[in-house]
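Structure record follows, encoded as structure tokens.
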Amino acid sequence: MKAYRFPEGFNWGTATASYQIEGGKGGRAPCIWDAFCKTEGRVVNGDNGDLACDHFTLYKEDVKIMKDMGLKNYRLSIAMPRIFPGGQGPANEEGIAFYNGLIDCLLDAGITPCVTLYHWDLPLELEMEHGGWQNYITVERFLEYAEVCFERFGDRVKSWLTFNEPWCAAVLGYGNGEMAPGCTSSDAVKVYRAGHHMLLGHARAVEIYRKKFRTAQNGVIGVTLNCNWTEPKPSDDPETAKLNAEAAERSVLWNLGWFADPVYKGDYPEVMRNRCGDRLPEFTADEKALLKGSSDFFGLNHYSTDYAEDDSGPGHYVSHWGTVNTGGFWGDMAVRGSTDPSWAKTDMGWPIVPWGFRKLLLWIQARYSPEGGIQVTENGAAVNEPTVDLAVDDKARIVYYEGYLKEMHAAIQLGADVRAYYAWSFMDNFEWAYGYSKRFGLVHVDYNTMKRTPKSSLKWFSKVLSTNTLERRLWLDV
Ligand code: PNW
């Protein structure tokens with residue numbers, strides 16, 4: 001039996017997000033997801049986050065499960081509409097008290113919190129009044145909110161993430177409308193503008209943290225970006241193979257470099273600037289300087305891999321939701337995505353391709369050599385679990401994790417400076433446009449009774465983190 005040992009001091013954790021687990025109790029104002037959920041046809045079964053996992057009420061029970069599994073790190077997000085219900089100060093003290101309780105409870109349990117400031121739950125007021133991320137006013141409000149969080153929680157929180165996956169918030173929120181606020185943009189102008197504003201929000205929040213809080217609080221701050229690996233679609237024709245290889249590289253630059261290049265190099269990738277023309281906003285010299293070096297580590301969320309083919313006509317990219325996009329963001333990228341029939345898929349329909357994770361980690365290491373290393377802030381699988389009994393016996397999830405951890409280990413051996421890994425997710429939760437129909441948790445949640453039941457994967461993960469080692473089980477060696 002082969003074992004894969006991870007570097008000394010490697011940080012293991014699990015992750016969640018406010019809207020997906022907390023529910024609306026305790027003075028949280030509506031956010032863009034509440035409105036989106038209440039719009040017919042947007043979310044599977046008309047589900048919403050009104051109660052979610054009622055983590056607001058049950059957080060002590062949840063932290064107890066974390067403690068019992070020996071968890072050392074937990075990534076959570078703060079709901080901006082709980083702190084700034086109307087989109088601006090003064091802070092809602094009931095909301096502050098909730099996070100104080102949660103943070104203290106985690107620390108008492110020996111668990112280090114990593115806190116995301118923005119995981120997509122924008123106060124609805126900011127969208128209605130100002131057009132959300134289309135408007136720089138939202139950046140200003142976000143910065144005021146970020147400062148309140150540093151001030152009130154930074155004595156205990158030493159690891160911050162400004163934004164979760166600005167790609168999703170911009171492309172799916174303002175491009176094809178698959179996520180809140182459900183806007184569309186056929187020329188992608190709104191997509192690039194939303195991304196631009198989030199980048200500025202990130203850089204300025206980091207500036208505030210470094211200038212006003214870092215000396216006293218001594219924490220780290222970064223942003224976390226999502227990206228699938230794209231592998232050139234194999235072709236016997238050398239010319240097509242070459243075009244596909246370029247398309248695959250362009251896709252990673254487009255989806256990840258769009259945010260990572262400004263953060264590590266001070267500007268958008270050249271390929272984007274060339275292809276988008278003046279539809280892509282420009283940074284001023286000051287903004288470039290502010291952006292460059294604005295992450296203390298490289299935050300990465302990774303789930304899957306696609307084939308890439310050159311697609312110089314209007315974009316035909318089929319998203320994970322099955323939406324065909326014609327033009328706009330995907331048209332600019334000119335990459336057609338597809339999967340290999342031999343790749344198994346998770347319950348999201350996302351291909352399970354562990355080696356894509358290794359290739360992406362090595363790509364990031366090569367392009368950015370991030371000083372504070374790479375922190376994988378999400379990775380995991382949805383499994384079809386119609387009953388709690390089936391959920392508890394979640395071998396398929398363990399197989400997914402085993403494959404991805406093995407490749408992460410290989411990437412580390414090959415020089416990728418990966419220092420942390422958070423499993424998505426600690427517990428089943430509201431999976432955005434899929435509502436409660438998709439389960440990603442290490443803990444099963446019965447949404448009628450709110451009963452929590454740890455799955456086999458929780459036990460398995462608990463062993464990985466306590467031994468800092470991945471062991472191959474015999475039944476996986478097939
Ligand atoms: C992430 N894609 O979302 C989010 O950060 C989580 O809140 C979410 O629950 C989790 O992954 C699982 O979906 C993504 O289309 C949504 O590539 C879509 C994509 C990637 C990540």
Side-chain angles (χ1 to χ4, degrees), residues 133-134 163 165-179 183-200 202-203 223 225-233 235 237 239-285 287-288 291-292 305-320 323-338 359-360 363-364 366-368:
W133 292 108
Q134 294 305 305
F163 286 83
E165 304 187 351
W167 185 98
C168 283
V171 175
L172 307 178
Y174 294 91
N176 62 9
E178 288 168 2
M179 285 194 172
C183 297
T184 54
S185 173
S186 58
D187 59 4
V189 164
K190 282 193 219 163
V191 174
Y192 300 131
R193 191 186 294 136
H196 196 75
H197 283 150
M198 284 186 252
L199 274 165
L200 292 175
H202 156 74
V223 61
L225 309 173
N226 63 296
C227 194
N228 280 2
W229 175 248
T230 37
E231 182 73 7
K233 185 170 179 178
S235 170
D237 171 44
E239 187 53 26
T240 309
K242 183 169 164 273
L243 284 174
N244 290 355
E246 285 166 17
E249 177 74 5
R250 190 163 67 244
S251 171
V252 182
L253 283 171
W254 210 273
N255 292 303
L256 186 67
W258 174 18
F259 297 100
D261 267 33
V263 166
Y264 284 93
K265 297 171 184 288
D267 204 354
Y268 292 120
E270 200 183 341
V271 66
M272 285 189 87
R273 284 184 280 128
N274 289 342
R275 296 174 83 100
C276 299
D278 59 10
R279 288 178 297 115
L280 184 70
E282 279 179 24
F283 295 114
T284 64
E287 289 167 347
K288 286 180 186 173
L291 274 156
K292 196 172 173 182
T305 284
D306 303 305
Y307 276 149
E309 262 176 286
D310 181 64
D311 186 5
S312 300
H316 299 294
Y317 184 91
V318 181
S319 77
H320 288 308
T323 315
V324 178
N325 297 276
T326 50
F329 180 78
W330 284 276
D332 289 343
M333 188 182 356
V335 175
R336 183 199 293 252
S338 60
K359 290 194 177 189
L360 179 61
W363 189 94
I364 291 169
R367 186 168 181 87
Y368 304 113

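Reckoned from all heavy atoms, side chains included, excluding hydrogens, waters and symmetry mates.
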Subject >> W229/V252 under side chain to side chain contact (heavy atoms under 4.5 Å, CB included): CA gap, chis, key distance, verdict >> reply: CA-CA 7 Å; W229 175 248; V252 182; 4.1 Å; yes
Original post:
What's the verdict on side chain to side chain contact (heavy atoms under 4.5 Å, CB included) for H202 and V263, showing C-alpha distance, side-chain angles and the deciding distance?
Top reply: CA-CA 9 Å; H202 156 74; V263 166; 4.0 Å; yes
**OP:** Please test T305 against T230 for side chain to side chain contact (heavy atoms under 4.5 Å, CB included), starting from the C-alpha separation and ending with a verdict.
**Re:** CA-CA 6 Å; T305 284; T230 37; over 6 Å; no
**OP:** Start with the C-alpha gap between E249 and W363, add the side-chain angles, then the distance that decides, and say whether side chain to side chain contact (heavy atoms under 4.5 Å, CB included) holds.
**Re:** CA-CA 10 Å; E249 177 74 5; W363 189 94; 3.1 Å; yes
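Considering only heavy atoms from C-beta on, S338 stays 4.5 Å or farther from D306 through its side chain. A 4.5 Å side-chain heavy-atom check between M272 and L253 finds every atom pair outside the cut-off. The side-chain heavy atoms of R273 and L280, taken from C-beta on, include a pair separated by under 4.5 Å. The shortest side-chain heavy-atom distance between F329 and N176 does not fall under the 4.5 Å cut-off. Proximity of P232 to Y307: side-chain heavy atoms (C-beta onward) are nowhere separated by under 4.5 Å. Between Y264 and K292 there is no side-chain heavy-atom pair separated by less than 4.5 Å. Side-chain contact between H196 and Y268: present, with at least one pair of heavy atoms (C-beta onward) separated by less than 4.5 Å. At least one side-chain heavy atom of W258 sits under 4.5 Å from a side-chain heavy atom of V191.
Considering CG of N228 and CG of L360, their distance stands at 8.5 Å, rounded to 0.5 Å. In this structure, CG on L243 lies 9.5 Å from OG on S235, to the nearest 0.5 angstrom. Here H197 contributes atom NE2 and Y192 contributes atom OH; the two are 15.5 Å apart, rounded to the nearest 0.5 Å. Taken to the nearest 0.5 Å, the CG atom of D311 stands 4.5 Å off from the CZ atom of R336.
Listed here is the closest heavy atom pair of A170 and G195: CB-N, 3.9 Å. When all heavy atoms of K288 and G266 are compared, the closest pair comes out as CG-O, 3.0 Å. Scanning all heavy atoms of the two residues, the minimum distance from A248 to A308 falls at CA-CB, 3.6 Å. Closest non-hydrogen pair, F283 versus E287, comes out as CA-OE1, 3.3 Å.
Residues satisfying the side-chain hydrogen bond (donor to acceptor under 3.5 Å, both in side chains) criterion with W254, sequence neighbours excluded, are absent altogether. Listed by chain and number, the residues in a side chain to side chain contact (heavy atoms under 4.5 Å, CB included) with E282 amount to none (sequence neighbours excluded).
Of the residues R250, R279, R275, the one that meets the salt bridge (Lys or Arg N to Asp or Glu O under 4.0 Å) test with D332 is R279. Of the candidates L291, L199, V223, N226, F259 forms a side chain to side chain contact (heavy atoms under 4.5 Å, CB included) with just one, namely L199.
Listed for the Q134 side chain is a donor-acceptor partner under 3.5 Å among the backbone atoms of K190.
Other residues, nucleotides and ligands contribute only 12 or fewer heavy atoms inside 6.0 Å of the CG atom of D278. Other residues, nucleotides and ligands place more than 12 heavy atoms under 6.0 Å from the NZ atom of K265.
Using modelled atom types and a 3.5 Å distance limit, the side chains of D310 and N244 yield no donor-acceptor pair. With no hydrogens or angles considered, a side-chain donor-acceptor pair links D187 and S185 at under 3.5 Å. Between the side chains of N255 and S251, at least one donor N or O lies within less than 3.5 Å of an accepting N or O.
A salt bridge links D261 with R367; the closest basic N to acidic carboxylate O contact falls under 4.0 Å.
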